[in-house]
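Worksheet: the structure to be examined is printed underneath.
Only heavy atoms go into these numbers, but all of them, side chains included; no hydrogens, no water, no symmetry mates. In what follows, chains carry the letters A, B, and so on, assigned in the order in which the sequence lines appear, proteins first and then strands, with residues in each chain numbered from 1.
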There are 2 protein chains.
Amino acid sequence: MKSNREMEQLDKRKKKTIEERRQDILEAALNIFTEKGYNGSTTAEIARAAGVAEGTIFRHFATKKELLVAVLKPKILKGIISLDKEQKDPVEFFRCFLKNRLELIKENDGLVRFMFAEAQYHEEVREALSNGILGDGINIIKPWFDKGVEEGVFKPIPFPAMMRSFMGMVLFYGIFNHVFPGFSPERTIDEAADQILELFLNGLLIN
Amino acid sequence: MKSNREMEQLDKRKKKTIEERRQDILEAALNIFTEKGYNGSTTAEIARAAGVAEGTIFRHFATKKELLVAVLKPKILKGIISLDKEQKDPVEFFRCFLKNRLELIKENDGLVRFMFAEAQYHEEVREALSNGILGDGINIIKPWFDKGVEEGVFKPIPFPAMMRSFMGMVLFYGIFNHVFPGFSPERTIDEAADQILELFLNGLLIN
DNA sequence: CTATGGAGTGAGTAATCACTCATTTCTTAA
DNA sequence: TTAAGAAATGAGTGATTACTCACTCCATAG
């Protein structure tokens, strides 16, 4: 019997492991889905893009919808952990967080738009988003918001209202540029983040 | 030959005019589309909901996609004219405009979410949105924004950046409540509008 | 070398789709 | 009353769909 190490080497040279095949399918599905939408994509097309037979998809995922959920689940909130935890200043936290989110959203532009588009029609997607963003994401933001309020730096507005507006500003960034191409002159992420942050922190009024 | 008046009365009693049939189909299509998405809806289902035969749909609209565009076009920006034009104060304008938009969005919740969801996949929808919102809508807002900047009330931030954030806060209101049901305790539109306006005008910071 | 089992395959299937068209039904003018 | 045209109909059509399954392939175990 060969060692695991030898088996892995063989696999790399000749064959793909089950997990690698799975990843191929997930990656292809992500690309096709984000381009054409869930109902606009066919399993045949995904199989072609993944370089497998159509039947292989259903060996890994029982249904097309199961594939959809499997595509989205691991993508939700990816990277939130990488946030700098040594921040002590609530304002600085929001600055870092916003830039981090905006970069993530720009990198995964199609994915984010796809997620929120399909969330309109699939309960499963809404649940995944709720569990991910509400379950984990908000637990990171809320303490910082509360801290800012306690320190007298932030206004004591209701957290959900703040959250809703903040997410709107950030998430709509990609949607806006996709729906209204060319309207917003192209700038760097930093510039966009600064503009959003300025509005979010200080508002439109001057005094 | 009967007068128009007589014909209309006859129609009301017995038959529907072509225009009324058209409206029936458009209304049914809107309901089905917003519930299941464009690709998730079938023309058979729409016909059933409209109380007509499937063939009748294609007598009024050459293709399903033509029906989609016909559904969305007249809905875009509906009601923008009703805005109070006698406002003189830029801040008051934004207050009125925001409440007006928020009411419109709450009333047409499914429609708004549907529009921006399908805009991801259909160039025609993006064009309709661009023409409608960018063509007419922004021409209403920009003068007020410019006026506010001239009067030294608003910060001279780039208009597209302001617009993007503003639209994000407003449009995301319905999406947020749909994707995260129950997270934001239910309040009146006025309350929500005030919260958004406070953030938009004065920001999160206190000083 | 041969047997075994699990991964991969792709032609096949029943269902469903957008769209068509021959036919029926209704409206109206004479 | 009737002729004629317009509108509505719904069974039919070919294309497409998600999903199945009998089979092949191949790495390993004995």
Query raised in the report: Do B:Glu191 and B:Gln195 have a side chain donor and acceptor closer than 3.5 Å?
Result: no
**Report entry** B:Arg21 side chain near D:dA7 phosphate (N/O to OP1/OP2, under 4.0 Å)
**Finding:** no
Query raised in the report: In whole angstroms, how far is the P atom of C:dG8 from the CG atom of A:Asp24?
Result: 10 Å
Query raised in the report: Excluding sequence neighbours, so at least two apart, what forms ring pair (Phe, Tyr, Trp, His ring centres under 6.0 Å) with A:Phe180?
Result: A:Phe176
Report task. Would you please name every residue forming a ring pair (Phe, Tyr, Trp, His ring centres under 6.0 Å) with A:Phe61, sequence neighbours left out? Result -> none
Query - Set of residues satisfying salt bridge (Lys or Arg N to Asp or Glu O under 4.0 Å) with respect to A:Lys99, sequence neighbours excluded - result: A:Asp190, A:Asp194
Report task. List for me each residue that meets ring pair (Phe, Tyr, Trp, His ring centres under 6.0 Å) alongside A:His122, sequence neighbours excluded, and say none if there are none. Result -> A:Tyr38
Query - Atom-to-atom span, CD1 of A:Ile18 to C1' of C:dG5 - whole angstrom - result: 12 Å
Query raised in the report: How long is the line joining CD1 of B:Ile32 and P of C:dA18, in whole Å?
Result: 12 Å
**Report entry** Strand-adjacent residues in residues 34-65 of chain A, judged by heavy atoms under 4.0 Å from DNA chain C
**Finding:** A:Val52, A:Ala53, A:Gly55, A:Thr56, A:Arg59, A:His60
Query - With B:Arg126 via side-chain hydrogen bond (donor to acceptor under 3.5 Å, both in side chains) - residues at least two apart - result: B:Glu123
